[in-house]
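Notes for the one structure printed next.
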Amino acid sequence: MKVIAAMSGGVDSAVAAARAVEAGHEVIGVHLALSANPQKYRSGARGCCTIEDSHDARRAADVIGIPFYIWDMAEEFHDGVVEDFLAEYAAGRTPNPCLRCNEKIKFAAVLDRARAMGFDGVVTGHYARTQIGPHGKTLHRAVDHSKDQSYVLSVLTREQIDGAIFPLGDTTKVDIRAEAESRGLAVAQKPDSHDICFVPSGDNAGWLRDRLGSDVGPIVDQSGTKIGEHKGAYTYTIGQRKGLGLTVPTADGSPRFVLKIEPITNTVVVGAREDLAITSMRGERPVWCGPPASDVPQRGFVQIRAHGAALECTYFVDDSLLVATLDAPLLGLATGQAMVIYDGDRVVGSATICETA
Amino acid sequence: MSSIYVDHAATTPMVEAAMKAMVNQLSELGNPSSLHSHGRATRKTLEDARETIAKEVGCLPTEVIFTASGTEANNIALKGLYWAGRAVGKNVVVISAIEHHAILDPAHWLSTHEGAEVIEIPVTQKGVIDLDFLTKLVSERSTEIAVISVMHANNETGVVQPVAEVVNIAGEIPVHTDAVQSFKKIELSFSDLGVTALTLSAHKIGGPLGIGALILRRTLEIPSLLHGGGQEREIRSGTLNAPSIVAFAAATKSEVYRRDEIVHLRDRFISGVKNVLPDAIVNGIEANRLPGIVNVTFPRTQSDTLLLLMDNAGVSCSTGSACSAGVHEASHVLLAMGHTTITAQSSLRFSFGAASTQSDCDFILSVLPDVIARGRAANSV
């Protein structure tokens, strides 16, 4: 196949591109310039679109021996990922921008462009696997569960999965670094990136405050009694316990947790730990990575964070919403996050959580 | 797979004579500034080379100042002439709107760091500087202008600029011209042009990378950028790079560039492009152009996509414009000619060299329709 390898400048995408070449594909390396004003140097584990990173990607492509180009996706990234991230927070939800980036940039903008140009697919360094089975090509967890990225890929449609190649899914990260070393790739020991790439300082709360304002507002208990003040509701997360700055203790001295964020009234609602517990969730705009789920309840697992646990559940489609009822209660679930359904290690699909109970 | 090189305006193969001269000189020992026999031997060879280059460019040997690149020569000229002017109360730097970044950026640096006032001469839709603008400017502010810099021919479009007229209009004002693209391609004489300073680069004419020259009028003194041994008229310091200089000289004597044949090749290529893609626009086609450069706008495409597809089809060409962090910017040259940001980013530059052939052109024309079709498809997703 003739494929585009998305190369961030990190070790994973470099090895993925090298493996794709070895698998016999005709590979062209592409680095996505996602920031309109890229920083010159990478700092710590932050960012993947500095000029230094693009040089690392280019060097890896040269060592592998493939052509290399930079695609300017700054506008698409800003509109589709950064703006979405801000809008979601402003609406009191907690979005996952990596998921949005996969959905709108890597496997939409890039894959569409690649296909229009006559390429067959996109190679990335994500830790996930695909399998061809009776239902076509399906998405599965990586062998290295600690690095598994199937969660952030769960927004891919079947058509997008058809065009996706994940050469790293069968290997552990440790082995990928060793392989990079043996291939002479200078990025072999480059640190992993963890933080949100467009928040170079790593201070998400401060970044949000700068953009969404820091209007003080009330912190109330479940009865609506004001017990404190916050500096911008967006900077809180459901389940958060620390940093609330509350001086009025609860009757029994037990800690309080953020239960709800109400952006319209700029209110943060807090309560006891047990009030965080939910047993069901509903998600909007479901995306199916394989055969779609139906209104017939199925047993499976739901995962609600990128590296969270797979929780046993029953799932089904109710009207256009994806519903999961949990076997055991879960504490602290923010709307806006993705609920991803697994059948064993196969990704069934995902939806954006809009309601919990 | 075929591999066609049509990016000779970026760099062109070294001619054999230059390679031989370079290799021979690499085995010679001696710093040309040394007074002993070894030094004298190197100096003799090097000064022979200087005389050769001087003869080819129509200047005196003493007017040749060797530099490490055309960029360096441009920086010495623009900054040096500005500082010399400022010392007598002149603070204006005039450049054309279509200069190479090696003039644009030093000019903007002078504005930001030295307080210079930079004025850009606009160009017409044909890609030629507006002489009326310059005439008016000079008539109004001649006593304030430290230097005028107008390139001899543009590197993106190949459009030749009326530098002799600029010199006439300028009167006593020093004029610099970046002649990197013109040298050995069209008529070029430092003395006939009457400019104060002129920039050359070896690797554009079949010489090695990393060597250039500033031709600077004999008696003119300007402040230097690099201070040290003062080797080149106290204006440029640094041990002279004898192997590269002798190779540069050998390249200037080479006659491998067949001007008329390249013009013929270019014109046939242009008709071929118009034939397969009637909506293609050849930029600067109405102006006097260099033999080897063709800049084409392909509506509803993006240059970087086209570049990838051309490369993939075995054709090495260019967008002609600069990159910022690897992302192609809309060409300031095409923008100055009236393009929009979108159409300026839909263009490719094909530049032919001494070794280019009709079969190169035929091959490009054979892949071009498919490349443009895919480019358009990618542009519409």
Side-chain angles (χ1 to χ4, degrees), chain A residues 2-5 7-9 25-42 47 49-59 61 66-77 104-105 107-120 122 159-160 163, chain B residues 1-7 10 298-332 335 340-349 366-381:
Chain A
K2 205 167 155 175
V3 294
I4 296 283
M7 299 179 76
S8 66
H25 300 302
E26 182 186 343
V27 183
I28 285 180
V30 164
H31 176 78
L32 305 177
L34 300 178
S35 168
N37 298 298
Q39 308 226 326
K40 219 166 176 178
Y41 304 106
R42 201 170 50 79
C49 36
T50 64
I51 293 171
E52 193 177 20
D53 290 307
S54 78
H55 287 178
D56 287 345
R58 186 178 63 191
R59 174 65 185 149
I66 56 173
F68 176 80
Y69 308 90
I70 295 178
W71 283 3
D72 182 8
M73 293 263 168
E75 210 180 304
E76 289 90 338
F77 186 76
K104 294 191 174 166
I105 309 293
F107 296 93
V110 174
L111 182 59
D112 289 349
R113 189 166 170 188
R115 280 179 165 154
M117 288 168 76
F119 291 84
D120 304 302
V122 171
E159 204 206 350
Q160 289 169 327
Chain B
M1 192 177 68
S2 301
S3 183
I4 306 288
Y5 186 83
V6 276
D7 199 15
F298 299 100
R300 307 189 310 287
T301 65
Q302 272 179 36
S303 315
D304 52 356
T305 310
L306 297 185
L307 201 67
L308 186 159
L309 291 166
M310 288 302 272
D311 191 8
N312 197 240
V315 177
S316 297
C317 59
S318 154
T319 66
S321 64
C323 291
S324 165
V327 173
H328 288 291
E329 293 179 325
S331 153
H332 67 283
L335 289 174
T340 63
T341 311
I342 289 169
T343 58
Q345 276 175 315
S346 314
S347 309
L348 287 180
R349 178 187 71 180
S366 74
V367 301
L368 197 58
D370 182 54
V371 164
I372 300 302
R374 286 169 193 253
R376 285 185 175 152
N379 195 41
S380 62
V381 295

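In the text below, chain A, chain B and the rest are named by the order of the sequence lines, each starting its count at 1.
Side chains of A/Glu26 and B/Asn312: a donor on one and an acceptor on the other come within 3.5 Å.
Residue A/Arg115 places its CZ atom among more than 12 non-hydrogen atoms of other residues, nucleotides or ligands, all under 6.0 Å distant.
Here the straight-line distance linking atom CG of B/Leu308 with atom CZ of A/Phe119 works out to 5.0 Å at 0.5 Å rounding. Interatomic distance, A/Tyr69 OH to B/Thr305 OG1, rounded to the nearest 0.5 Å: 11.0 Å.
Shortest non-hydrogen contact noted between B/Ala378 and A/Met117 is CB-CG, 3.5 Å. Residue B/Gln302 comes nearest to A/Arg113 through the heavy atom pair OE1-NH2, 3.6 Å, listed as atom of the first residue, atom of the second, then distance.
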